[in-house]
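These notes are about the structure you will find just below.
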Amino acid sequence: MEAALLGLCNWSTLGVCAALKLPQISAVLAARSARGLSLPSLLLELAGFLVFLRYQCYYGYPPLTYLEYPILIAQDVILLLCIFHFNGNVKQATPYIAVLVSSWFILALQKWIIDLAMNLCTFISAASKFAQLQCLWKTRDSGTVSALTWSLSSYTCARSRSLSQAGVQ
């Protein structure tokens, strides 16, 4: 019974994550604007996803427990490119992507680096959401922010937190 429930949670999270950012991407493309999206928020979110993925790969967790992270990273990179495209210069995304790719290797240089980064992930995630809310407050424009994306994100966070508190990976 536990194995079936765990499988259901893993597959449902994977399914939700596969579609998580699609409403957001669709809203940005339809508006032809990235107004209301926060670049710092997106970069923090990307960093958090990267750390989670690298940590789980580093410690040899089963792929089904972290398969959603490459999907989320790809969707966030698409959003990153949309932000730079609608702000007029996609080439400005290059240094950010280079830092993210370099981080993949730097995180695994020593065990203490990946462990420290993982311990900071909750703070990084909270800072990402705070930065997005701050951007929304500043621009007073939520036209390109998807409520469905935020709802789906809440589901995946609740699932991840409940499984980690139960000691299940």
Side-chain angles (χ1 to χ4, degrees), residues 3 6-7 9-22 24-25 28 34 37-135 149-150 152-169:
L6 179 61
C9 286
N10 282 335
W11 284 107
S12 68
T13 300
L14 187 58
V16 168
C17 286
L20 183 67
K21 297 290 183 163
L22 296 181
Q24 185 74 61
I25 294 167
V28 168
L37 291 183
S38 167
L39 179 61
S41 172
L42 187 60
L43 293 172
L44 286 167
E45 186 175 68
L46 268 167
F49 290 157
L50 184 75
V51 168
F52 268 101
L53 177 61
R54 189 59 170 149
Y55 181 88
Q56 297 211 359
C57 290
Y58 184 85
Y59 282 106
Y61 285 92
L64 191 55
T65 62
Y66 61 83
L67 200 53
E68 68 264 18
Y69 290 107
I71 296 167
L72 291 170
I73 290 169
Q75 291 175 2
D76 271 356
V77 167
I78 291 169
L79 272 176
L80 180 71
L81 293 173
C82 284
I83 286 174
F84 282 108
H85 172 73
F86 290 121
N87 288 340
N89 194 351
V90 176
K91 291 179 183 177
Q92 289 180 343
T94 306
Y96 296 105
I97 293 173
V99 167
L100 288 168
V101 170
S102 315
S103 298
W104 176 262
F105 299 102
I106 293 169
L107 285 168
L109 286 177
Q110 293 194 5
K111 182 183 179 300
W112 69 268
I113 297 172
I114 190 76
D115 291 341
L116 176 63
M118 188 63 182
N119 285 326
L120 293 173
C121 267
T122 300
F123 173 74
I124 292 170
S125 179
S128 168
K129 299 305 180 220
F130 179 75
Q132 181 59 50
L133 290 172
Q134 190 177 30
C135 180
T149 293
W150 276 63
L152 293 172
S153 180
S154 298
Y155 167 77
T156 60
C157 285
R159 178 264 178 193
S160 297
R161 301 253 189 268
S162 64
L163 289 179
S164 67
Q165 288 174 350
V168 178
Q169 294 297 326

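Worth saying up front: this structure is predicted, and the values here are computed from it rather than measured.
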Distance in Å, I114 CD1 paired with N119 CG, rounded so as to fall on 0.5 Å steps: 10.5 Å

Which atom pair, heavy atoms only, marks the closest approach of T94 to K91? OG1-O, 3.0 Å

When rounded to the nearest 0.5 angstrom, what is the spacing between CG in L79 and CG in L39? 11.0 Å

If you measure from CD on Q75 to CG on L80, what distance do you get to the nearest 0.5 Å? 13.5 Å

Of all the heavy-atom pairs spanning L53 and P70, show the shortest one and how long it is. CD1-CD, 3.9 Å

Using the ring of each side chain (for Trp, its six-membered ring), is Y69 parallel, tilted or perpendicular to F52, with breaks at 30° and 60°? parallel

Measuring from L42:CG to I83:CD1, what's the distance to the nearest 0.5 Å? 5.0 Å

Residue F130 excluded, over 12 heavy atoms near CZ under 6.0 Å: no

Which atom names give the shortest non-hydrogen contact between I97 and L81, and what distance separates them? CD1-CD2, 4.2 Å

Side-chain donor or acceptor of S128 paired with backbone N/O of I124 under 3.5 Å: no

Which pair of heavy atoms, one from A117 and one from L107, lies closest together, and at what distance? CB-CD2, 3.6 Å

Shortest non-hydrogen contact from C121 to G48? SG-O, 3.9 Å

From NZ (K111) to CD1 (I113), nearest 0.5 Å: 12.0 Å

If you count every heavy atom of other residues, nucleotides or ligands that lies below 6.0 Å from Y96 atom OH, does the total exceed 12? no

Taking the side chain from Q56 and the backbone from P63, do they hold a donor-acceptor pair closer than 3.5 Å? no

Any side-chain to backbone donor/acceptor pair from S102 onto A98? Under 3.5 Å, distance only. yes

In this structure, CZ of F49 is separated from OG of S125 (nearest 0.5 Å) by 7.5 Å

Heavy-atom closest pair (L50 atom, S103 atom, distance to 0.1 Å) is CD2-CB, 3.5 Å

